[in-house]
Amino acid sequence: MKIGLVCPYSFQRPGGVQNHVLGLAGWLKKQGHRVAILAPGEPPRGMLASYGLVESEYTTCGRALPVKVNGSVARINFGVGPARRAKAWLDAGDFDAVHIHEPMTPSLSILTLWLTDRPVTATFHSNAPTVKALKRLNQLLPQAVRRLDAAIAVSSVAAKVAKNHTGVSPVVIGNGLAIDDYELVPTTGRWRGGDHPRLTFLGRYEEPRKGFHVLTAALPLVRDAFGDVEVVVIGHGGRMSVEGVKFVGGVNDAERNRWLGLSDVYVAPQTGRESFGIVLIEALACGAPVVASQLPAFIEVLSDDEGPVGRTFRTGNSQALARAIIASLHEPRDLRLQRGRDQAARFDWSVIGPQVLAMYRLAAENRYLSVDEAKGRRHRWMA
């Protein structure tokens, strides 16, 4: 198959959706499919190669502008220039399947949706309420929604939002990861991080919804119980100084995994609007115990057939977070080691990828089958 993947967010500042697109593209290529990615911005040096991709498989739609939305900053582009580039990419690609991420945002995604005549699979990632800036766009959604041939949501939370906003009923297929890229690190001493417990936070710590302020407010209670607790913060943000907290900035995947493997607790204190929680899965894959806020999306990814794989606490409550961290530190570090790894493996691309491919085939059937059957033929790759 020839598959075109569209991401609305700039690759100059990677995030969850961008990493998902890259991971899916790399897996599809390994299965023998031809892939092409369309997105704003340019990926950092070496990023494409780390997923088994080459530069010719990525096309930029130009510079992106930062837009505040959903308590965060989205770097997107829109307008005549991106539309022209998208049309040229679609014409040159001659795709069997077009996979558009976040299709209903005023961005490259909806431009491509309007321009393509090929089977479209859409993935909804967002857990965001409708905002005033989208009201005019929402008037166009009935026409845009009819262009979707198959729909995916990364969680039941994202599926509910998609249903409320557009009326579609997506199939839930989670975000993917390559489990073999994550080394499961057992604890060799009392603590995974060294002589003292180590807590790790990953995310844009300046954004209130990421909950870093909830973690810092909990630290005095944790230190009362365990003394010199080290805190490592991974992620982009402005200059900040917090006593006993080490800011390591943005890091590559290998360095991120190294820190996760040395974490006695991975803390996810987000306060809302999370639709999946891939970093929770990544922490489990590396053997780190997880403490997370009781957001529905987090509870969903942390639950296996036996119940919660990690600990959760009342969202936004620093005292509850402190109690959950203390309870986790009192447990044996490797209490849920293999369960956590097994839970992460449920999202390996070997599991997620075939489900996405099945949606491409469903999209093609929905787009072509009635026409092809009437003419007594099958589409070229559905035979």
Side-chain angles (χ1 to χ4, degrees), residues 15-17 19-20 70-72 125 127 154-155 157-158 174-175 177 182 192-193 197-219 221-222 229-237 242 245 247-248 250-251 256-257 259-304 307-329 331 333 336 339-341 343-344 347:
V17 177
N19 291 341
H20 178 80
N70 194 26
S72 183
H125 295 264
N127 180 19
V154 297
S155 66
V157 173
N175 284 325
L177 82 173
Y182 300 82
R192 299 171 64 83
R198 174 178 289 144
L199 313 181
T200 301
F201 170 97
L202 193 155
R204 296 181 293 272
Y205 48 86
E206 289 182 317
E207 294 182 9
R209 73 183 182 95
K210 296 299 182 182
F212 182 60
H213 62 287
V214 182
L215 172 58
T216 55
L219 291 179
L221 292 175
V222 177
V229 175
E230 182 182 2
V231 181
V232 173
V233 175
I234 304 169
H236 297 281
V242 180
V245 177
F247 293 85
V248 300
V251 300
R256 175 204 62 204
N257 293 350
W259 281 115
L260 290 175
L262 296 172
S263 300
D264 289 293
V265 177
Y266 175 74
V267 184
Q270 284 86 333
T271 60
R273 300 186 184 180
E274 298 292 334
S275 62
F276 187 73
I278 187 65
V279 71
L280 277 65
I281 298 299
E282 293 172 332
L284 293 175
C286 295
V290 171
V291 170
S293 52
Q294 290 174 342
L295 299 177
F298 286 179
I299 293 173
E300 188 171 329
V301 300
L302 284 176
S303 299
D304 64 8
V309 179
R311 286 185 170 271
T312 62
F313 69 96
R314 184 152 58 92
T315 302
N317 189 303
S318 295
Q319 291 186 342
L321 171 56
R323 290 193 294 270
I325 293 172
I326 291 168
S328 180
L329 291 175
E331 295 176 345
R333 293 299 75 212
R336 302 178 183 87
R339 274 185 66 198
R341 179 73 170 194
Q343 179 69 359
F347 299 93

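Along the sequence shown, residues carry numbers from 1. Quantities reported herein were computed from a predicted structural model and do not represent experimental measurements.
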> What do the steps show when you test L219 against V245 for side chain to side chain contact (heavy atoms under 4.5 Å, CB included), and what is the final call?
Replying inline: CA-CA 10 Å; L219 291 179; V245 177; 4.1 Å; yes
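- Counting all heavy atoms, side chain and backbone alike, T216 lies closest to H213 at OG1-O, 3.0 Å.
- Closest approach of C286 to Y182, counting heavy atoms only: SG-CD2, 3.8 Å.
- Between P269 and F313, the closest heavy-atom pair is CA-CZ, 3.8 Å.
- No side-chain heavy atom of L262 sits less than 4.5 Å from a side-chain heavy atom of R192.
- Rounded to the nearest 0.5 Å, atoms CD1 (I325) and CG (D264) are 11.5 Å apart.
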> Can you check side chain to side chain contact (heavy atoms under 4.5 Å, CB included) on L199 and V229, steps first, answer last?
Replying inline: CA-CA 7 Å; L199 313 181; V229 175; 3.6 Å; yes
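- A 6.0 Å sphere centred on CD of E331 holds more than 12 heavy atoms belonging to other residues, nucleotides or ligands.
- Contact check for V265 versus T200: no side-chain heavy atoms found under the 4.5 Å cut-off.
- Atom OG of S293 sits about 8.5 Å away from atom CD1 of I299, to the nearest 0.5 Å.
- In terms of heavy atoms, R256 sits closest to E282 at NH1-OE2, 3.4 Å.
- T312 places a side-chain heavy atom less than 4.5 Å from the side chain of L302.
- Rounding to the nearest 0.5 angstrom, the gap separating the CG atom in L284 from the CG atom in L260 is 10.0 Å.
- Taking the six-membered ring where the residue is Trp, F201 and F212 present tilted rings, their angle falling between 30° and 60°.
- Residues G235 and Y205 share a closest heavy-atom pair of O-CE2, 3.5 Å.
- Side-chain contact between K210 and E274: present, with at least one pair of heavy atoms (C-beta onward) separated by less than 4.5 Å.
- Checked by atom type and distance alone, the side chain of S263 never pairs as donor or acceptor with a backbone atom of Y266 at under 3.5 Å.
- A distance-only check finds a donor-acceptor pair linking the side chain of R339 to the backbone of P308 [under 3.5 Å].
- R204 contributes atom CZ, which lies 14.5 Å from atom CD1 of I234 (distance to the nearest 0.5 angstrom).
- With a 4.5 Å cut-off on side-chain heavy atoms, R323 and I326 do not count as touching.
- For the pair V309/V290, no side-chain contact is recorded, criterion being any heavy-atom separation below 4.5 Å from C-beta on.
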> Does the side chain to side chain contact (heavy atoms under 4.5 Å, CB included) test come out yes or no for Q343 and R336, once each step is laid out?
Replying inline: CA-CA 10 Å; Q343 179 69 359; R336 302 178 183 87; over 6 Å; no
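- Atom CG in N19 sits 9.5 Å away from atom CG in N175 (nearest 0.5 Å).
- The structure places CG of L329 at 13.0 Å from CZ of R198, a figure rounded to the nearest 0.5 Å.
- When atom types are taken as modelled, the side chain of S275 and the backbone of H125 share a donor-acceptor pair closer than 3.5 angstrom.
- For the residue pair V267 and L321, the shortest heavy atom distance occurs at CG1-CD1, 3.8 Å.
- Residues F276 and V157 have side chains not in contact (no heavy-atom distance under 4.5 Å, counting atoms from C-beta outward).
- Residues V214 and T271 meet the side-chain proximity criterion, which asks for heavy atoms closer than 4.5 Å.
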